[in-house]
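Below, all heavy atoms of this structure are taken into account, side chains as well, without hydrogens, waters or symmetry copies.
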Amino acid sequence: MTKLFWNWLKLSPVVFATALFATNSAFAGEVQQDLNQDATSVTQLSQNSSGNNMGQVTSVSQFSDVQPTDWAFQALQSLVERYGCIAGYPNGTYRGNRALTRYEFAAGLNACLDRVNELIATATADLVTKEDLATLQRLQEEFSAELATLRGRVDALEARTAELEANQFSTTTKLVGEAIFNVGGAFGDEKANGTGDDVDDNITFSNRVRLSLNSSFTGTDQLQTRLQSGNLTNFGTAAGTNMTRLGYDNDTDNEVQIDKLNYAFNLSDAIRVKVDANNGEYYENINNFNPDFASSGRGALSRYGRFSPIYRQGAGGAGLTVTFNPKGSLSASVGYLAGGRTNDASSPLAGEGLFDGNYSALAQIAFQPSESFNVGLTYVRTYQNSQGGVNLFESTGSAFASQPFGAVATSSNNYGAQVNFRPTSKLAIGGWVGYTTAEAEAGPDADADIWYWMANLALRDFGKEGNLLGVFFGQPPKVTSNDIGAREDDGTSYHLEALYRYQLTDNIAVTPGVLVIFNPEHNDNNDTVYVGTLRTTFTF
């Protein structure tokens with residue numbers, strides 16, 4: 001039926017319009033759509049028909065998706081080259097197979113009528129026959145109601161838009177929010193701190209809230225100002241080891257803090273720059289190769305399961321991160337963060353500031369030959385002094401790994417390899433391995449070696465679209481050798497974690513999970529400890 005209409009169009013495009021309307025009930029069965037479209041779509045349609053967003057063409061050959069062999073080619077050629085009332089999309093396409101609504105037909109017809117009137121006014125009316133003019137007049141009468149409705153919807157939308165512009169918070173800023181409700185507790189026999197005390201197995205109910213104001217001034221840049229509050233405590237106190245820490249614990253006693261302030265922009269198409277003024281973290285600035293589990297609100301439950309500890313070097317500092325060729329299959333990143341969570345880069349005092357206190361310098365090469373395979377090699381040089389606090393792995397390993405020489409100034413060379421492989425769209429396999437050499441910069445002349453590794457499995461859309469089943473197994477950072485023998489880990493801890501994120505709605509996710517630490521603190525004499533959680537995440 002549709003092909004027959006287009007054959008009629010070869011004789012006269014307006015005759016086609018008449019035939020199309022006359023047989024509308026049959027044609028509607030093929031392309032029926034909801035006539036009560038969103039007002040935004042109607043506005044875009046009106047703009048497209050009047051040429052605001054679509055480019056006028058003078059030859060049908062200008063359409064990249066229209067070929068002379070197409071059955072409607074001659075009809076389209078007549079509309080373009082005889083009447084000049086067909087416009088194309090900015091990318092040079094016509095999209096002739098797209099379904100047509102009555103509103104769109106009315107808007108397109110109105111554009112053709114305007115073009116015919118223009119031809120008449122410029123004394124080129126000989127291009128239009130009397131029969132065409134009579135048909136046009138009938139069509140104007142037939143579609144007068146639709147055209148009036150369209151004008152009314154556009155006028156109403158313009159009024160609403162004006163009201164929004166007059167009362168909007170900002171033309172450049174978007175608010176993004178996340179709220180976490182968490183029910184959880186630690187379980188086991190004795191604590192892993194050698195005191196002989198029982199694990200505090202109280203069930204807790206706590207929260208964390210983040211509000212991010214993301215501003216863009218050029219469309220490719222972003223100024224982030226993030227506010228945070230919460231009362232999610234560290235389960236390490238209850239279990240006697242920081243290996244049980246959750247990836248989203250945060251305790252400000254529910255006082256609101258400016259948690260992050262940073263600005264990212266493109267120096268060129270091949271260079272992306274991010275400046276952290278507060279609480280900078282490498283894992284947010286560059287590829288961390290763990291896309292399914294890196295998020296604190298939607299990813300892994302544990303602190304160690306989110307990503308390799310190499311990205312926690314310099315956490316909380318201020319500085320600069322630059323990525324070269326960020327959209328290419330091969331990219332490189334360098335970064336420098338000064339200060340930290342307990343050392344202030346803004347302080348002018350000795351042992352602090354941008355270059356006289358704690359710092360970390362990073363270099364990374366990322367290779368992603370396809371969307372399914374991603375691998376990276378990372379190196380970080382760090383220095384931490386006693387004034388700023390020593391915590392090499394940000395509480396993801398044993399106490400000896402965090403302070404291999406005690407609370408004395410320590411430098412370290414950190415090497416890491418990370419990989420993520422996605423053989424199908426539903427399955428991802430990833431993990432990391434890391435090695436650190438640490439050196440005491442004060443006190444005894446001592447060196448230490450530290451190793452860690454992790455493997456994880458992600459099953460996407462498990463049971464329902466948006467759901468995620470995750471399993472982790474690995475070894476947290478462990479001191480394998482130390483010139484100070486008393487601070488060497490003799491046993492081996494293993495980290496086992498399982499979670500299931502259920503996407504209740506587009507904005508609500510519920511994630512039950514369990515974390516098991518065998519031989520905590522790399523001490524075979526310590527009892528296994530457990531952490532069970534039920535995390536509910538609201539995003540808006």
Once you round to the nearest 0.5 Å, how far does CH2 of Trp432 lie from CG of Asn290?
5.0 Å
Give a yes or no on this: more than 12 heavy atoms of other residues, nucleotides or ligands lie within 6.0 Å of atom NZ of Lys464.
yes
Looking at Asp524, I'd like to know if its CG atom is crowded, meaning that more than 12 non-hydrogen atoms belonging to other residues, nucleotides or ligands lie closer than 6.0 Å.
yes
Any side-chain to backbone donor/acceptor pair from Asn523 onto Asn525? Under 3.5 Å, distance only.
yes
Less than 4.0 Å between a side-chain N and a carboxylate O, is that true for Asp200 and Lys191?
yes
Parallel, tilted or perpendicular, judged at 30° and 60°: which one describes the rings of Tyr336 and Tyr359?
parallel
Counting only heavy atoms not in Phe181, do more than 12 fall under 6.0 Å of its CZ?
no
Worked verdict on Arg298 versus Glu178 for salt bridge (Lys or Arg N to Asp or Glu O under 4.0 Å):
CA-CA 10 Å; Arg298 294 175 52 81; Glu178 178 188 81; over 6 Å; no
Quick check: Tyr263 with Phe265 (ring centres under 6.0 Å apart)?
yes
Candidate list Lys260, Arg226, Lys274, test salt bridge (Lys or Arg N to Asp or Glu O under 4.0 Å), partner Glu281, passing option
Lys260
Arg303 bridged to Glu394 by N-O distance under 4.0 Å:
yes
Between Phe367 and Phe373, is the ring centroid distance below 6.0 Å?
no
Short side-chain donor-acceptor distance under 3.5 Å, Lys478 and Ser493
no
Classify the angle between the aromatic ring planes of Tyr379 and Tyr415 as parallel (below 30°), tilted (30 to 60°) or perpendicular (above 60°).
tilted
Anything under 30° is parallel, anything over 60° is perpendicular, the rest tilted; go ahead and classify Tyr500 against Tyr502.
tilted
How about Gln313 and Ser360: does a side-chain donor come under 3.5 Å of a side-chain acceptor?
no
State whether the side chain of Tyr304 and the backbone N or O of Gln475 hold a donor-acceptor pair below 3.5 Å, judged by distance alone.
yes
Ignoring hydrogens and angles, state whether a donor on the side chain of Ser216 or Asp221 is under 3.5 Å from an acceptor on the partner side chain.
yes
